[in-house]
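Just so it is clear, the model here is predicted, and its values are computed rather than measured. First the proteins, then the strands, lettered A, B, ... as listed; each starts at 1.
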Amino acid sequence: MINVVDEIKKIKADRLISITSVPKDGGDTLYYHFSFNDQVEIKEFSIEVPKGEKVESAITVYENAALLEAELTELFGVKFEGNPHSGQRLFQAEGSEGPKRCINIGTNRVKKDA
Amino acid sequence: MVSMVLKVLKNLLKRPFTSEYPKKKSKVSINFRGVIHIDQKKCISCKLCEVNCPTGAIIVDPKKKYAVVDRSLCILCGLCAEVCPVKVIWFSNDYEIAEKKKKHYKKQLPGANPVKK
Amino acid sequence: MHEKIFPIGPQHPSLKEPIFLKLHVDGSYITKAEFNLGYTHRGVEKCAEGYLLDTALHAVQRTCGICSQCHSMAFLNAVEPMTGVQVPEKVYLQRLITAELERIHSHLLWGGVMAHEIGLETLFMYYWREREHILDIFDELTGNRVHHSPDLIGTAKRSFNKENLQMVLEKLDLVEPEIKELRNVMENHDVITSRFKKHGNIPKKMAEDLDLVGPTARASGVNYDVRQNAPYMAYGIKELKVKPVIRSEGDSWGRTMIRCDEIFESMRLVRKACEMIDPNEEVPKKKNLIAKGDFSRGRTEAPRGENFHFVAIENNRIKRLKLRTPTLANVISYARIMEGEDITDVPVIVMSLDPCISCMERVAVIRNGKQENWTSHELFEGKKYD
């Protein structure tokens, strides 16, 4: 399990805006976006997550991370530990199978000929 | 409560604001972006419109050598009309685009004159 | 003591977009509330992947019908510094006029739907009659009533001339006295004050802990507006500085009065910007630009709160696009504020937070109980089934 909470507490930001994941070969890169100085500046904090590892949840520091982490679990398959909402299906109906990993087309998009 | 009753009484004496659509057509301004038209005799098949289209709706036919548009994929953004070097693409003011069968969307409309601005 | 579950949605006459609320009910009082989303997920983030910058701008503009200009401006806030282009001041002023007119049209739409929830159909029709004049302005300025899309990277598609600006000022003078009368009705009507006051309370400490945004947070006393704290584009000019409206009640009535007051502040900005534009100047032509760097981010103030875009670029094409809309930040408060309320107060509370569900979601197709993923080529051409 990857520990994130100690480093987040050292940053001492005002607000957590969002959590993004950029997929690449063999895992993900997670970006945490924070805002400082009475909402004027934005800075990022990034970690690398290899495939199949769990990340510690940031819900003890910022409360609104519950919904943002549940969205990442459902669309990309990144697992967070300690989040009571992570089992909640936000985007799928009950009774369907688990999350499928999104296929990344990448930057080689080719248009179909007539 | 009193202000609402006064407002309703004032509106009883005015003309209704709703427009009767199928009997009388609604008016649009000169700048409205409607159905797309192409003058196929003057097209030089340079393929600049095909490269710039976001959805892939306009294609230069390799046999006929002029541009052909699929009206069900067009989002009326205006990039092809801006980029064309001989200015054969323009937008009319017509907003009734729907057809009954899917293959009718590829038929070309008879070309009308462009609207004077 | 029996506990039952009372479902609202996904299809319901009091909601304008589908959302599924599960309410645990004891008699007619609510003890716990949960919600499920995902009924209008369309995959905008996937549609824009792999395209050039101008093409991806057209996909982002069509995320939502009511607030399409604010998504376009947030994407341009992220991408234009990476290309290094110098944008003239007339283009910034044109974008400000379209954005503030869109804020007026969104608040008039919300006012009508709010009156429809409690049964006042006449007030709903009066609000939407004033909205028709604003849509006629958009038809003249940009070419379309919704999904205006007047922007390109570094420039605009057409420039406003003298007749356009004169029409804007005439229509605003026609609409303003009527909106003042409608605001009087919202403030003094007996049915509205007795149903809205003291229901759906959000105290100031809860709004700061959950990081709520927009008029929902400003009705509880939190002083946060992106146009004031981190000004972008033309909002940095001295005469166009914004004074946000702040209240301290925190219930449904306070959120109603804030949206009625913001319309007049937007009208002041539009009138001032129309005086400052030079009507004889032409905007520059479209150029092909190259973006440098890895990633960037931008934010704007939508009619519903703070809008945040994150763009990662590789080889001048888009690698990853992420949108975080203001409704996603506010929807987590549904679970807290409904405890202890009666079932009959639920439509008023749900609509007072102004949800725009189609902005919030990203397509899950379910057929015969199994889930499939479609690529964008299959969506355009139509997949065949046996």
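For residues 300-307 of chain C, the interface with chain A (any heavy-atom pair closer than 4.5 Å) comprises C/E306, sorted by residue number. Within residues 216-234 of chain C, the residues having any heavy atom closer than 4.5 Å to a heavy atom of chain A are C/Y224, C/N229, C/A230, listed by residue number.
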Side chain to side chain contact (heavy atoms under 4.5 Å, CB included) assessment of C/D209 paired with A/Y62: CA-CA 8 Å; C/D209 278 343; A/Y62 297 103; over 6 Å; no
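You'll find the side chain of C/V213 reaches within 4.5 Å of the side chain of A/R15, heavy atoms only. Here the side chains of A/T20 and C/R320 are in contact, with some heavy-atom distance below 4.5 Å. In this structure, the side chains of A/E44 and C/F295 come closer than 4.5 Å at one or more pairs of heavy atoms.
Between chain A and the residues C/L210, C/N316, C/L212, C/D211, the largest count of heavy-atom pairs under 4.5 Å involves C/D211.
Checked against salt bridge (Lys or Arg N to Asp or Glu O under 4.0 Å), A/E63 has the following partners two or more places apart in sequence or in another chain: C/R336.
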Would you list the atom pairs, donor with acceptor, under 3.5 Å between side chains in residues 2-10 of chain A and any protein atom, with sequence neighbours excluded?
none

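The structure places CG of A/N64 at 11.5 Å from OG of C/S333, a figure rounded to the nearest 0.5 Å.
When all heavy atoms of A/I17 and C/R299 are compared, the closest pair comes out as CD1-NH1, 4.3 Å.
Ring geometry for C/F310 versus A/Y31: interplanar angle of 30 to 60°, hence tilted.
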